[in-house]
Amino acid sequence: MTIALEVSHLVKRFGGLIATNDLSFTLNEGESLGLIGPNGAGKTTVFSQIMGELRQTSGTICYFGQDIGGLSTPERIAKGIGRTYQVPRPFSDLTVRENIRVGLMPDSLISMIFGRSDQSKENELGQSVGFSIRDLDKSASELAMGDLRKLELARTLATGARVLLLDEVFAGLTTGEISMISDLLKDLRRRGFTFLIVSHDLPAMEPLIDKAIAIERGTMIAEGVFSDVLANHDVRASYLGDTDVGS
Amino acid sequence: MKLRLGLIAGLSAGLLATTALADIKVGFIGSLSSDTGLSTLRGAQIAIDELNDAGGVMGQQVSMVTADTGEDVIEGVKAFEYLAESAEVDFIISGSIDDVSLGWMPRMQEYQIPTLDTWTSYIGIIDMVIEDPEVMAPYFMNIASDEALATLYINFGAEVLKAKMGFESVVILAEDTAFGQAITGLVTDALAPVAGIDVADVIVYDIGTVDFAPIFSKAQNSGADFIYQVSSVNSQVISSQYVKLQVPMAMTGVNVSALGMEYWEDTGGAGGGISTLSPVPSVGFPLDPVSQGFVDTYQSKYDTRPMIPHFNGFNAYHGLKQAMAAAEAAGGFSDVAAWNAEMLKQDLILEKDGQLWLRYGFWQHGEVEEVTGRTYPQNARFDLTSPYEDAQPSMVVIQWKEDGTVGVVYPFEYASTEFELPSWVK
Amino acid sequence: MTQILIQGMLLSGLYALIAMGFMLIFSIGRTLNLAYGAYLLVGGYVYFWLCQQMGLPQIVGFAGAVTAGVLMGLLKHRLIVKTLNGDHVAIEISTLILAVVLQAGVVLLFGDSSKILLPIVPGVVTVAGAQVTFNILTATLISWAVIIGLYLYISRTHTGRAMQAVSMDAKGAALSGVDPDRINLITWGISGGLGALGGVFFASYTQLYPGMWVAPLIISVAVVIVGGIGSILGTLVVAHIVGFMEVGVSSWSPELRGVFTMILIVAVLVLRPQGLFGREETH
Amino acid sequence: MLVLEIENLSAFYGKAQALREVSLTVNEGECIAIVGANGAGKSTLLDSIMGLVKTRGTVRLHGEDITGLRCAQIVKRGVGYAPERFNLFPHMTVRDNLLVGAFTARNEIAKNLDAVHRLFPRLAERENQETSTQSGGERQMVSLGRALMSSPNVLLVDEPTIGLAPKVCGELAKVLQRLSKEMGLTVIVTEQNANFAISLAERLYVLEGGRITAQGTAADLSKDDILAKSYFGA
Amino acid sequence: MPEFVERGTLRTMIQACYLAIFAMSWDVLSGRTGYISFGHPFLIGIGAYSTAILSKKFGVPPEYSIPLAIVITMFGGLVVLLPALRIKGSYFALVTLAFMELMYQLVQVIRPDLTGGTRGITGIKSLTRGAEAGYELAVTLMLGVALGLWLLMRTRFGTALWAIGMDEDSVRGSGLSTTRLKTMAFLVSALVAGLGGAYYAHYTGSLAPRALFDIDFLFTIIVAALIGGAGTIIGPMFGAFFLIFLLEWLRPILPGAERYFVYGGVALILYMYQPKGLVAIAQSLRDRVRGDNYDHRA
């Protein structure tokens, strides 16, 4: 199996605060890895470093064997890494189709100006996340939260991402929407995409991931099969607190 | 109060302009909010009223349409277009400042509407007349051009500053405008050789300058005996700061804001001691009965600023009558060549106490002026040679006293007061 | 050299006073108030109207000018800033339009021509070869007094501290019982008053004319941009940099007076967007 | 004696519904905890009580409807709030931060400052330090201190243990208990750290996906591992 | 059109056409990407001055001087404003404003023999004679610019610029180099500004620093784009015609400064009432009449 993403000894310091502390993990192609930890554990910071939005203090990030530490965000995206945000950020005055179109655009002015947009590709991407053709002409500002998550997924897929970093995909969704997104992700897994997923909704995450790592204050405290990680005493303590506190 | 009056005046003027069915339409172009613009407008209006009372021109009544330039070049172009194409005027009287006149000049050339400029004095426009007399045929300027400013000054420098005051050297403070450059050049080129005054330093300053303290320090450090100031833009600032700072040197020169009665009010009384060249009729200049009559009418009709017309108000008053007389002789304004020929013949002689006092005429094509050795076609005619027998003196030097009075100090024939140093200059 | 020092000090004090009101709105209201210059315009003309045209005592002129400025500030906050609900671009553009409208209003009431205010305190003294008018000396001293007063107000009083608090963290201020809206209103009022007061001094130093709001606005922008958001000290220091630079350039090559201020703004914005003394934005 | 009653409170952030028909009551002098995972809506609940979020439903304080009041007015009515991210004034000193907190209680500054200093002696020592240079634990103290400066009778504390070392958590628990027991404040704490909450509160509410899914005393909730289930599923 | 209206009205329309070009130029950059430029007169001024100096002082015929002026505008603007693209929000506006002021000062000081100093340049060769020809040229230019921009904005490039205005980080997160996009938007804006400025200089025949590098001029451009409707092609044109005709209609009634007072007041109220502009007002009126919900982006 090919290693899609390899993070080794990643450290990120903000002044005196250590946000990521010597974190290492690997993600194989086609695999799905859950990244869990209590609020403030530093999950989003890890994402930002993989995307190049934040520079790590030390450590390396390799994508299919290549060190991508020196690449800019658009370059990393061009390589096939994509992420979604905790709060979806659609282009609200554009239609769903146009939102997807922005994701599909090649980073070349010439083809942006002279090339034509590929309608069938847009339709396909839109439909692949569960939009109907009619939905595609809706303005993004009219969408409900679940549809915004779908839109964000479609836009990320449109950039050609093979490795998807999903940040709190279930936040703010109704139970119906959660199962819809969950089905969608399962479908994408079947189609061979690689995932790194962050969610506080641990039960909803369960069917979507092969294994999990748990971090607390930037440090890895457990790694392995999800159920084992959840059963881990340190992990439970990190969420629930030490039982001896306050006594 | 003033606002309401202004609005009513504006509204009624607008209504008059659109409803009155006059046969001869005069267009005014200039700023409606500046004293100089209003001087021209009112001078022209009084002339029109007098003409209409006397039965009109060629049996027709004369009316006026105004177009505001806001002293902005592009607005000036639009204003000229408005007068030419929307209001379709027969004749235009202009109170525009130099760059605004330059701005609409191509439009004037295109429309060929007879136009009289009463404030713009840029010699470059007279050069355009010399270059292409045909296309510039509709254009007349009845104020002496910039050059006259400096040339009279040379005599003042020799006879007063050097001979009476004993000044040997001058420092020039000039704004960084084309006007500033032109006058500075004339003063440096002529003052030193002719009047025998050395130019110690030339200091050019930005017209946005609000703080002249460092500049006056620099002027003092030059070691010169007096300051020659060249300022047309915001010239109240430099003169009032001169007074407030009590700069211990005499300051004379060309200070455009000091040419009107309002100067004292606008500087809040901080304006004494400044002397400046002024085209005639000027503040402090005794008037002939006709011009005095005009001033009396003016003051009874308008009790707002400007309190008495600036020189361009006189130019507008007399010039508009000349333009109408020329039109009467030429059979209207439509034949520009004929009107031009008649206009060149205009020669208004105003007498005081039985003597020639003021003369409104124009230089002919090819007529050479002796001192500068050049021609000034279609420009107000003046004479630089004493004793000013056949024309108006064109320029005088006036001085504002510390008590707020103003008088002519040079030429001596017209002097009503004497040149003196401000009290703080030892 | 001494002359430059003395003249630089005097001009800088005035600039600091002018920039202070602009800085307040920029750092507390987080708004670029392009109509700030209009406070100076209105302040100057109100003083001129009351003292020089109506002949009332100077104190009435000052009171009238400051009242007009405060009222304008309050109205602007109520009618524009609140209505546009924090849309910065819309506020900037509306204030720009407002400034142009006010300029037209002044032309309408007072005409186009420049007016010079009588010195507030007449007289002049020569120090080390530099003429120093009592007027500008008074202006500078009052500037300093106002700046120190403002500093004490902001750092020592409850309202002042609340103003700082709102500028640093509006939510934190709200849950401390401070109504950010009211504090903003007060800030706009103070800013208007400071602007109008600065306008009287600025006009007594230079001149009154309808376009006079642009120059002080540019100076305020320069001072605040270069000094950085939210720093009274930065504002003071940079007002002195700009003031000394102007005086220095004036005595070297007067026609280049404004050029260096612009270059300073551009260079600082491009090289160090948070200003020389500013802090990185926390959000 | 009911201090706070919340009825059918719903809150929205743009499109996302963060609270769904939450109802709860708090008695005078009680210390209750609201527990739930990250994103369950805990902070939104407290923000809603403070009038910082657009809501539907009713909030009553001492029987008086305070829904729709501005935050400052609610503070004036005796509710103090120490938010999760502290929202301190970073470039002000500790003392000035506390003094801003006293905005609505200017007559009681000396008394309150004294009380805060007794609770957190460290703040007295570091009075003149800018809070931007302080550690997380110290900021937490300033935040609580600032809330106490407004002389509240109800104190809302959001996720006090985030990023704190276990030892500091212990000290914090003691402080909160003192506030409740000795000073008679009504305290509402939200927590992800369930054990901390249990050790502290008399009653707990479990928030999941913006809904209250369980409530009861610590003993009630410890049965069947209700809390663990809310985090980790079955 | 020339057959049906008076010549004076034609002149007004010419002014409106040029203002529309300037407003469209501003809108390509600021209306789409949300980077508010307060320095557009700077670009227009470079275009106008370049062709004026080339044709007047160096005798270059307008068919060369105008394209050259456009290139100079694009290049000059690029060199100066590229660093400014790093800056966001109000600071971008301020940098551009500073550039405009700087240009105003420099034009008068540096080589006044070429720029004409404060007095400016006059007698710039006219390309047309008479109102009809001038009108035809101006309308052709305006429609040409409008068509060009409309075609460009329909492409994916146009969509991307819109997207930058909504959320620049997300555009970057979609793998696009926003700096390159913004630079291109800026170049297009400069091209249109240079073109408009150059032709305008030949139309008016005169230019002066105080008329070009001026806050009032800036104000007119921005207000035209905004009260017409930013982010559209038709909006800035609509706004320009509205403003210019408002001013000209007011002229006979209020000849003096009152006109600007009224005009500014109308602009302020319109803008405060509907920041999306007249186009949006017209749209909502039409929708109300039709009772439907039509997607209205032009």
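Side chains included, hydrogens not; waters and symmetry mates left out as well; all remaining heavy atoms used. Each chain gets a letter, A, B and so on, in the order the sequences are listed, and its residues count up from 1.
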Working for side chain to side chain contact (heavy atoms under 4.5 Å, CB included), residues E:Thr159 and A:Phe91: CA-CA 10 Å; E:Thr159 313; A:Phe91 305 120; over 6 Å; no
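- One distance of note links CG of A:Asp93 with CE of E:Met166; it measures 4.5 Å at 0.5 Å rounding.
- Comparing E:Leu151, E:Val171, E:Thr178 by how many heavy-atom pairs each has under 4.5 Å with chain A, the most go to E:Val171.
- Atom CG of E:Leu285 has more than 12 neighbouring heavy atoms from other residues, nucleotides or ligands inside a 6.0 Å radius.
- Side-chain atoms of E:Arg156 do not come within 3.5 Å of backbone N or O of A:Pro106 as any donor-acceptor pair.
- A:Ser72 is not listed as a side-chain neighbour of E:Arg172, based on a closest heavy-atom distance of 4.5 Å or more.
- Summarising the geometry, atom CE belonging to A:Met112 is positioned 4.5 Å from atom CG belonging to E:Leu181; distances are rounded to the nearest 0.5 Å.
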Under the criterion side chain to side chain contact (heavy atoms under 4.5 Å, CB included), I'd like the reasoning laid out for A:Glu53 against E:Asp169: C-alpha separation, chi angles, the key distance, then a yes or no. CA-CA 10 Å; A:Glu53 293 156 357; E:Asp169 289 335; over 6 Å; no
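- For the atom pair CZ of E:Arg154 and CD1 of A:Ile113, the computed distance is 14.5 Å after rounding to the nearest 0.5 Å.
- In this structure, E:Gly175 and A:Pro74 approach most closely via the heavy-atom pair O-CB, 3.9 Å.
- Annotation: maximal heavy-atom pairing with chain E below 4.5 Å, among A:Ser108, A:Ala78, A:Gly160, A:Ser111, occurs at A:Ser111.
- For A:Lys186, the NZ atom is densely surrounded, since the number of other residues' heavy atoms within 6.0 Å is greater than 12.
- Heavy atoms of E:Leu152 lying under 4.5 Å from chain A belong exclusively to its side chain.
- Using a 4.5 Å cut-off between heavy atoms, A:Arg101 touches chain E through its side chain atoms alone.
- A side-chain donor-acceptor contact under 3.5 Å links E:Ser170 to the backbone of A:Arg89.
- If you measure heavy-atom distances from A:Arg116 to chain E, the contacts under 4.5 Å come from the backbone alone.
- Around the CZ atom of A:Arg55, the shell of radius 6.0 Å holds more than 12 heavy atoms that belong to other residues, nucleotides or ligands.
- Side-chain contact check for A:Met105 versus E:Ser174: every heavy-atom pair is 4.5 Å or farther apart.
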